[in-house]
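Below, chains carry the letters A, B, ... as their sequence lines are ordered, and counting in each starts from 1. Side chains are part of it too, since the values below use all heavy atoms of this structure and drop only hydrogens, waters and symmetry mates.
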Amino acid sequence: MARLDSSNRSEASRGAWAAEEDRKLAQVIEIHGPRRWKLIAAKAGLDRCGKSCRLRWMNYLRPNIKRGNISDQEEDLIVRLHKLLGNRWSLIAGRLPGRTDNEIKNYWNSHLSKKMKQNEKQKKVSRDEKIETLSNIITKGSLEGPSTRDDETNNYNVGKEVVFDCSSHEEPLNMEWMSKFLELDERWLDFV
DNA sequence: AAGTATACCAACCGCGAGCGC
DNA sequence: GGCGCTCGCGGTTGGTATACT
């Protein structure tokens with residue numbers, strides 16, 4: 001059974017913070033420092049729980065907070081860090097001065113996750129198209145069109161520039177073989 | 001202009017970890 | 001070791017603004 005969190009479910013008020021509440025909170029933190037949040041809430045005479053005070057401070061009132069307008073550079077960094085760290089927002093935020101974990105999480109959920117999904121979808125379509133091209137070359141023996149076979153080197157030439165090097169692979173060139181090849185050498189797809 | 005859908009973001013909630021008693 | 005308190009994190013909710021029909 002889940003442990004009850006004494007800082008939750010208090011009788012404290014909820015909802016948006018008023019400017020007056022912000023002012024009182026900042027005043028108390030200036031004196032006592034940003035710790036012992038329950039005490040801070042009491043000292044400030046706020047009808048808020050300590051947890052709520054902490055959140056307000058961390059995400060809004062803390063000095064040096066940057067708000068809004070995430071730059072392209074920052075966005076790029078978020079994407080790369082998310083790739084590396086996953087949903088570890090506080091770690092990601094730690095790399096972006098002035099940004100809070102909550103802001104980054106919100107930004108990811110409202111902007112970047114959609115963007116990423118679109119990219120993935122596009123990637124998949126493009127990969128499927130490439131595989132279909134390969135499949136046509138192999139299953140239909142279709143060395144017509146843009147592809148040719150060089151009998152001396154045993155290579156498949158696709159288009160003007162691309163050479164599919166078969167010299168290190170055994171015939172027959174079938175789909176099973178090809179899928180194994182693709183798993184091993186995804187780079188090849190980029191050529192087709 | 002009014003109603004509805006969607007996007008955005010501040011705030012809330014549940015949970016786990018750390019610490020002192 | 002057990003308990004209560006505090007803190008921090010990540011997921012989720014809900015209110016408001018904006019876009020769309």
How many Å lie between [atom1] on [X] and [atom2] on [N], as a whole number?
| X | N | atom1 | atom2 | result |
| --- | --- | --- | --- | --- |
| L85(A) | dG10(C) | CG | C1' | 14 Å |
| I92(A) | dC9(C) | CD1 | P | 12 Å |
| L112(A) | dC8(B) | CG | C1' | 13 Å |
| I40(A) | dG8(C) | CD1 | C1' | 15 Å |
| R88(A) | dG10(C) | CZ | P | 7 Å |
| H32(A) | dC7(C) | NE2 | P | 13 Å |
| I65(A) | dA10(B) | CD1 | C1' | 12 Å |

Can you figure out which of [options] approaches the side chain of [X] most closely?
| X | options | value |
| --- | --- | --- |
| W89(A) | dG10(C), dA11(B), dC7(C) | dG10(C) |
| N87(A) | dT6(C), dC8(B), dG11(C) | dG11(C) |
| S110(A) | dC13(B), dC8(B), dT6(C) | dC8(B) |
| R36(A) | dA11(B), dC7(C), dG10(C) | dC7(C) |

Inter- and intrachain pairs under side-chain hydrogen bond (donor to acceptor under 3.5 Å, both in side chains), touching residues 55-65 of chain A, at least two apart: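 Qualifying pairs, neighbours excluded: D22(A)-R56(A).
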Might you point out which heavy atoms bring [X] and [Y] nearest each other, and give the distance in Å?
| X | Y | answer |
| --- | --- | --- |
| C53(A) | L25(A) | O-CD2, 3.7 Å |
| R48(A) | A41(A) | O-CB, 3.3 Å |
| R35(A) | I40(A) | O-CD1, 3.1 Å |

Qualifying ring pair (Phe, Tyr, Trp, His ring centres under 6.0 Å) pairs, either residue in residues 15-36 of chain A, two or more places apart: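 Checked against ring pair (Phe, Tyr, Trp, His ring centres under 6.0 Å) - neighbours excluded - no pair reaches residues 15-36 of chain A.
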Salt bridge (charged side-chain N to carboxylate O under 4.0 Å, His left out) partners of R23(A), counting only residues at least two apart: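 Here the qualifying residues are E20(A).
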side-chain N/O S52(A) vs dA11(B) OP1/OP2, d < 4.0 Å: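 Indeed not, no polar side-chain atom of S52(A) lies that close.
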Residue-phosphate contact under 4.0 Å: H111(A) side-chain N/O, dC8(B) OP1/OP2: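 H111(A) to dC8(B) OP1/OP2: side-chain N or O found under 4.0 Å.
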Derivation and outcome, side chain to side chain contact (heavy atoms under 4.5 Å, CB included), residues E74(A) and I104(A): CA-CA 10 Å; E74(A) 286 176 310; I104(A) 289 168; over 6 Å; no
Nucleic acid contacts of residues 54-62 of chain A, taken as heavy-atom distances under 4.0 Å to DNA chain B: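 Contacts with DNA chain B under 4.0 Å: L55(A), R56(A).
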Close approaches to DNA chain B from residues 93-109 of chain A, in residue order (heavy atom, under 4.0 Å):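 Correct list: N102(A), N106(A).
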4.5 Å side-chain heavy-atom contact, M58(A) and N102(A):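 SC-SC contact between M58(A) and N102(A) ruled out.
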Contacts table for residues 85-98 of chain A: side-chain donor-acceptor under 3.5 angstrom, sequence neighbours left out:
| unit_1 | atom_1 | unit_2 | atom_2 | d |
| --- | --- | --- | --- | --- |
| N87(A) | OD1 | H82(A) | NE2 | 2.7 |
| W89(A) | NE1 | N87(A) | O | 3.4 |

